Amino acid sequence: MSEENKNCRHVAIIMDGNGRWAKAQGKPRTAGHLAGADNVRTIAIAASNLGVEYLTLYAFSTENWKRSADEVNYIMKLPSFFFGKYMKEFIDRGFRMHMLGELDRLPAETRKVLDDAVEQSKQNTGLNLSIAINYGSQREILLAAKHYAEDVAEGKASLDLSEEQFESYLMTAGMPNVDLLIRTSGELRISNYLLWQIAYAELEFVPEAWPEFTPEVLARCIDQFNNRDRRFGGIKDE
Ligand code: FPP
């Protein structure tokens, strides 16, 4: 881990603005998603070099099914393009892939590509790169509550539940909570992303659209994070 970045272990990004970026250039929205997918590689490498241990990216929300069938179909084909092009490099770099979301609702071919990426990288110990796809945080918390209730009913869990124990039922089980949440393209919303995990996160909203979010902008966000005074509800030492 870089000396300058001791505390920013988990960065989550809401990758917004692909469509507007493409439109501004007279291109179809799908061109923005393609450029956005390429930028996932660029930013994952940058994050790893900056000492980030967990990078968690919002690729497709449970609400995104409302988009046109053409756009949804295009986004569902992106993982095949993306991992076909970059998986070998990710393995060489030691990246470990994780998926967050209800993958069983995805097209079978998309799901296979995602499952393969997780399986092929499961021995790796470098950057943990998580893609949230068909993900919604309220649904994640609801499913966690259901699983916990089932465990209680079956005598596998007690009613005395701590925050840490509940976290083991979330899709991010085993990961630290988010330190820094970034949203691109100037929107000031959380959009049902990692609601539990961002409880104490620092927030950065940047004007750049996702395809133009560069390693330099990421480094600036992390610098700002490291210069902030995080108190987790306490008070600063005198
Ligand atoms: C938000 O921009 C972006 C999305 C809904 C899709 C994001 C997907 C990628 C970046 C590619 C995913 C990569 C992999 C590896 C699966 P928007 O379309 O909402 O932009 P707008 O607000 O300008 O319309």
Side-chain angles (χ1 to χ4, degrees), residues 11-48 55-91 93 95-103 105-118 120-121 127-137 171 181-194 205-215 217-218:
V11 175
I13 306 182
I14 302 174
M15 307 183 289
D16 197 11
N18 291 346
R20 277 166 286 163
W21 176 85
K23 214 171 155 211
Q25 304 191 21
K27 294 178 183 168
R29 293 177 56 80
T30 49
H33 297 320
L34 184 62
D38 269 325
N39 206 33
V40 168
R41 167 189 173 265
T42 305
I43 295 303
I45 294 169
S48 176
L55 179 66
T56 303
L57 303 175
Y58 207 0
F60 194 83
S61 74
T62 45
E63 288 75 36
N64 285 152
W65 295 106
K66 293 179 206 149
R67 296 186 176 204
S68 77
D70 280 354
E71 185 170 342
V72 169
N73 289 339
Y74 188 87
I75 294 175
M76 288 301 147
K77 292 203 171 80
L78 273 179
S80 165
F81 152 80
F82 178 76
F83 288 113
K85 194 169 170 191
Y86 298 127
M87 194 61 198
K88 188 183 171 311
E89 181 188 0
F90 287 178
I91 297 283
R93 289 182 181 274
F95 292 179
R96 180 170 179 187
M97 302 299 311
H98 307 266
M99 301 299 152
L100 310 180
E102 290 175 273
L103 300 195
R105 299 193 180 179
L106 300 176
E109 318 85 78
T110 310
R111 173 152 196 197
K112 177 161 185 353
V113 169
L114 299 175
D115 286 344
D116 285 352
V118 171
Q120 285 168 27
S121 64
L127 176 76
N128 288 281
L129 177 56
S130 301
I131 308 282
I133 185 161
N134 193 30
Y135 173 86
S137 186
M171 292 168 180
L181 174 69
I182 301 169
R183 182 171 189 143
T184 61
S185 98
E187 304 290 340
L188 305 179
R189 286 188 296 277
I190 302 296
S191 299
N192 201 14
Y193 194 42
L194 301 172
F205 298 94
V206 299
E208 290 84 358
W210 172 248
E212 56 192 14
F213 181 84
T214 59
V217 182
L218 175 66

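As the structure lists them, so they are numbered: ligands from 1, and atoms in each ligand from 1. Remember, predicted model here, so these are calculated numbers, not experimental data.
Annotation for ligand 1: atoms under 4.0 Å from non-hydrogen atoms of Asn64 are 5 (C). Less than 4.0 angstrom separates some heavy atom of Arg20 from each of these atoms of ligand 1: 21 (P), 22 (O), 23 (O). Per-residue contacts place Gly19 under 4.0 angstrom from the following atoms of ligand 1 (heavy atoms of the residue considered): 17 (P), 18 (O), 20 (O), 21 (P), 23 (O), 24 (O). Near Ala59, meaning under 4.0 Å from any of its heavy atoms, are these atoms of ligand 1: 4 (C), 5 (C), 6 (C), 7 (C), 8 (C), 12 (C). Less than 4.0 angstrom separates some heavy atom of Leu78 from each of these atoms of ligand 1: 11 (C).
Residue Asp16 has at least one nitrogen or oxygen atom sitting less than 3.5 Å from a nitrogen or oxygen atom of ligand 1, judged on distance alone. Every N/O-N/O distance between Trp21 and ligand 1 stays at or above 3.5 Å. For a threshold of 3.5 Å applied to N or O pairs, the pair formed by Arg29 and ligand 1 contains at least one separation below that value.
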query = Where do Met97 and Phe83 land on the side-chain contact (heavy atoms from CB on, under 4.5 Å) test, with the steps shown first?
reply = CA-CA 11 Å; Met97 302 299 311; Phe83 288 113; 3.5 Å; yes
inquiry  = side-chain contact (heavy atoms from CB on, under 4.5 Å) for Met171 and Glu102? Distances and angles first, verdict last.
reply    = CA-CA 9 Å; Met171 292 168 180; Glu102 290 175 273; 4.3 Å; yes
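With respect to atom 3 (C) of ligand 1, the closest heavy atom belonging to the protein is Met15 O, 3.2 Å. Looking only at heavy atoms of the protein, atom 9 (C) of ligand 1 is closest to Asn18 ND2, 3.8 Å. In this structure, the protein non-hydrogen atom closest to atom 16 (C) of ligand 1 is Pro79 CG, 3.9 Å.
In this structure, Thr184 contributes its side chain and Ala209 its backbone to no donor-acceptor pair below 3.5 Å. Between the side chain of Trp210 and the backbone N or O of Gly36, at least one donor-acceptor pair lies under 3.5 Å.
With values rounded to the nearest 0.5 angstrom, Leu114 atom CG is found 4.5 Å from Met99 atom CE. To the nearest 0.5 Å, atoms CZ (Phe60) and NE2 (His33) are separated by 9.0 Å.
For atom 11 (C) of ligand 1, the protein comes within 4.0 Å by at least one heavy atom.
Arg93 and Ser48 share no donor-acceptor pair across their side chains, judged by distance under 3.5 Å alone.
Taking the six-membered ring where tryptophan is involved, the planes of Phe90 and Phe95 are tilted, since the angle between them lies from 30° to 60°.
Contact between Arg67 and ligand 1 is present, with at least one heavy atom of the residue lying under 4.0 Å from the ligand.
When each of Val206, Leu57, Val40 is checked for a side-chain contact (heavy atoms from CB on, under 4.5 Å) with Ile13, only Leu57 meets the rule.
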